[in-house]
Amino acid sequence: MSAPAPSPLAVVDAEPLPRQEEVLTEAALAFVAELHRRFTPRRDELLARRAERRAEIARTSTLDFLPETAAIRADDSWKVAPAPAALNDRRVEITGPTDRKMTINALNSGARVWLADFEDASAPTWENVILGQVNLIDAYQRNIDFTDPRSGKSYALKPADELATVVMRPRGWHLEERHLTFDGRPVPGALVDFGLYFFHNAQRLIDLGKGPYFYLPKTESHLEARLWNDIFVFAQDYVGIPQGTVRATVLIETITAAYEMEEILYELRDHAAGLNAGRWDYLFSIVKNFRDGGAKFVLPDRNAVTMTAPFMRAYTELLVRTCHKRGAHAIGGMAAFIPSRKDAEVNKVAFEKVKADKDREAGDGFDGSWVAHPDLVPIAMASFDAVLGDKPNQKDRLREDVSVAPGALIAIDSLDAKPTYDGLVSAVQVGVRYIEAWLRGLGAVAIFNLMEDAATAEISRSQIWQWINAGVVFENGKTATPELAREVATEVLAAIRAEIGEEAFAAGKWQQAHDLLLHVSLDADYADFLTLPAYEQLVG
């Protein structure tokens with residue numbers, strides 16, 4: 001590889017960080033610039049296509065499998081590339097941001113995979129973006145430790161053969177990185193996250209026998225998967241590693257992608273590792289796309305929408321069948337419970353629910369599943385051990401018994417539950433608390449014993465918006481209106497102030513979070529992503 005010319009990228013409005021020069025080298029920036037030049041125009045076209053697709057859904061209130069790709073679905077001969085050894089057994093995966101403590105704990109957790117998250121579990125401050133890259137480089141070089149300044153507890157990596165395999169998740173296509181520009185225009189965050197990580201770590205990971213591997217978020221169509229595949233082909237040639245070294249697992253967390261699972265795997269087939277069922281973003285996507293579809297698309301409280309709901313069963317069973325038909329891993333959803341250090345009874349009840357959820361996934365044919373906390377790793381591991389035994393996965397379970405009609409994926413009214421007033425209060429509570437933390441630079445936040453990320457805030461604000469626009473009448477006779485939402489938000493904010501005290505309240509970003517939640521929940525012009533207006537207010 002010849003020496004690169006000076007990069008045309010500029011770092012703007014960013015306070016210098018310790019060691020950022022190790023990440024923002026001329027060679028790495030030249031690579032990101034080339035990714036931007038080649039692929040951002042197509043990214044822009046695909047974002048415009050999303051808007052066109054959404055307008056079509058608004059007009060028809062329906063979705064179907066694509067007629068133009070029927071031949072791909074009907075062709076039983078193609079499969080994705082065989083899994084590399086480091087990704088063949090994925091029975092438990094832990095997720096979390098790439099701060100230094102989490103990096104060590106996740107790698108040490110006993111999970112087979114760590115989803116190292118630059119997306120929904122990470123607020124994209126410049127510090128999080130750059131130091132997250134530093135932490136991963138350090139981890140691969142075994143040059144990482146951490147001492148908690150409050151507890152004095154020290155953390156260090158276990159032996160290499162006990163560490164989780166890293167699957168890194170860059171930001172979604174809709175997000176920009178304002179601190180890195182090309183001719184005055186921000187570079188897409190996805191290309192920044194992927195480009196810096198891949199450039200610095202591809203060869204390191206090959207040497208470790210573990211990558212480079214990626215999770216692809218917020219994908220809405222097979223054409224977006226095709227774009228990623230072309231990026232992988234270019235990137236592998238650029239740094240001189242064999243084609244097919246990169247492997248990607250795609251989160252099926254949008255309703256449109258659920259109708260294109262086979263096509264997504266086909267587009268990525270030389271680089272595909274599997275699909276994942278991302279629950280909260282999936283529900284958010286349903287609300288976003290069918291928000292003006294009338295009463296039959298109104299979701300009840302988010303906690304009432306379990307994975308046993310008929311339309312969610314259709315989604316997950318189709319995912320398992322599709323993956324195994326094509327030789328890919330099917331990865332289940334998140335167990336988000338955060339164990340209490342004070343209440344054993346709360347833990348007992350929650351652990352039983354986690355076990356039931358993971359038993360169901362393993363029984364349905366999933367090859368692995370997600371947890372948010374190391375204490376949940378043994379529970380999920382036991383569920384999958386019971387089904388898999390010594391086998392690394394159950395891709396031989398083809399689930400040919402599954403047949404999902406197009407309408408089953410959007411049969412929201414098949415669920416016997418309705419929105420409640422407590423559900424509205426909960427949506428406001430979680431929304432305000434999460435956004436406040438996000439504005440302080442935290443993307444993964446423990447709220448009411450659950451690890452919440454941006455997807456949780458998205459479903460919260462979307463449900464408030466939907467219930468108001470559908471004129472939902474709650475069980476107490478109150479109607480969902482902007483005035484009621486403001487009244488609840490005022491009460492929630494006052495309760496938080498009383499709970500944490502004046503000093504902590506003033507030091508936080510509570511009023512700002514309250515105002516932003518109401519803005520995205522009440523504005524007639526529904527924001528595609530909460531994180532777009534939130535990013536404008538994010539400092540750092």
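Below, all heavy atoms of this structure are taken into account, side chains as well, without hydrogens, waters or symmetry copies. Sequential numbering from 1 along the given sequence is applied to the chain's residues.
- For the pair Ile412 and Lys296, the minimum side-chain heavy-atom distance is 4.5 Å or more.
- Counting only heavy atoms from C-beta outward, the side chains of Glu177 and Trp126 approach each other to under 4.5 Å.
- Using a 4.0 Å cut-off between a side-chain N of Lys or Arg and a carboxylate O of Asp or Glu, Glu436 and Arg440 qualify as a salt bridge.
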For this session: Let me see the working for Arg49 and Glu52 under salt bridge (Lys or Arg N to Asp or Glu O under 4.0 Å), right down to the final yes or no.
Result: CA-CA 5 Å; Arg49 187 178 180 276; Glu52 293 165 6; 5.9 Å; no
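- In summary, Asp515 and Lys509 do not engage in a salt bridge, as defined by a charged side-chain N under 4.0 Å from a carboxylate O.
- Within the cation-pi definition used here (under 6.0 Å to the ring centroid, within 45° of the axis), Arg497 does not qualify as a partner of Trp510.
- Electrostatic pairing of Glu56 and Arg59 counts as a salt bridge here, judged by a charged N lying under 4.0 Å from a carboxylate O.
- Taking all atoms of both residues into account, the shortest heavy-atom contact from Leu35 to Leu191 is O-CD1, 3.8 Å.
- Using a 4.5 Å heavy-atom cutoff, the side chains of Asn289 and Leu63 are not in contact.
- The two atoms that bring Tyr526 and Ser462 nearest to each other are OH-OG, 2.7 Å, heavy atoms only.
- Taking 4.0 Å as the cut-off between side-chain N and carboxylate O, Arg313 and Asp364 count as a salt-bridged pair.
- For Arg360 and Phe366, the positive end is not near the middle of the six-membered ring at less than 6.0 Å and at most 45° from its axis.
- One finds a salt bridge joining Arg341 and Asp375 here, because a Lys/Arg side-chain nitrogen approaches an Asp/Glu carboxylate oxygen to under 4.0 Å.
- In this structure the side chain of Ile144 never reaches within 4.5 angstrom of the side chain of Tyr155, judged on heavy atoms.
- In this structure, Lys478 forms a cation-pi arrangement with Tyr421, its terminal cationic atom sitting closer than 6.0 Å to the ring centre and no more than 45° off the ring axis.
- By the 4.5 Å heavy-atom criterion applied to side chains, Gln133 and Phe118 are counted as neighbours.
- Counting non-hydrogen atoms of neighbouring residues, nucleotides and ligands closer than 6.0 angstrom, the CG atom of Asn476 exceeds 12 such neighbours.
- A salt bridge does not link Glu452 with Arg433: every distance from a Lys NZ or Arg NE/NH1/NH2 to an Asp or Glu carboxylate oxygen is 4.0 Å or more.
- Side-chain contact annotation: Thr98 with Asn135, donor-acceptor N/O pair under 3.5 Å absent.
- Contact record, Trp465 with Leu522: CD1-N, 4.4 Å, taken as the closest heavy-atom pair.
- Side chain to side chain, Thr306 and Thr308 meet the donor-acceptor criterion of an N or O pair below 3.5 Å.
- In Glu15, the CD atom is not crowded: 12 or fewer heavy atoms of neighbouring residues, nucleotides or ligands sit closer than 6.0 Å.
- Rounding to the nearest 0.5 Å places CG of Leu251 at 8.0 Å from CG of Asp281.
- Contact check on Asp148 versus Lys101 returns a salt bridge, with a Lys/Arg side-chain nitrogen under 4.0 Å from an Asp/Glu carboxylate oxygen.
- Here the shortest heavy-atom pairing between Leu409 and Ile255 reads O-CD1, 3.9 Å.
- The side-chain hydrogen bond (donor to acceptor under 3.5 Å, both in side chains) with Lys218 is formed by just one residue from the set His174, Glu119, Glu224; it is Glu119.
- Salt bridge annotation for Lys288-Glu458: absent, with no cationic side-chain nitrogen under 4.0 angstrom from a carboxylate oxygen.
- Between Trp467 and Pro300 the shortest side-chain heavy-atom distance does not fall below 4.5 Å.
- Note on Glu260 versus Arg53: salt bridge recorded, some NZ/NE/NH1/NH2 to OD/OE distance being below 4.0 Å.
- Taking both residues in full, the closest heavy atoms of Ser369 and Gly333 are given as OG-O, 2.9 Å, listed atom of the first, atom of the second, then distance.
- Using bins of under 30°, 30° to 60° and over 60° for the plane-to-plane angle, the ring pair Tyr215/Trp370 lands in the perpendicular bin.
- Donor-acceptor pairing under 3.5 Å is recorded for the side chains of Arg90 and Thr249.
- In this structure, Phe214 has its ring center no closer than 6.0 Å to that of Trp228.
- Residues satisfying the side chain to side chain donor-acceptor pair (under 3.5 Å) test with Asp44, not counting sequence neighbours, are Arg185.
- Salt-bridge formation is not detected for the pair Lys355/Glu352: no Lys NZ or Arg NE/NH1/NH2 atom is positioned less than 4.0 Å from an Asp or Glu carboxylate oxygen.
- Between Tyr434 and Asp120, the shortest heavy-atom distance links the atoms OH-O, 3.4 Å.
- Ionic pairing of Glu176 and Arg43 is present here: one or more N-O contacts between side-chain nitrogen and carboxylate oxygen are shorter than 4.0 angstrom.
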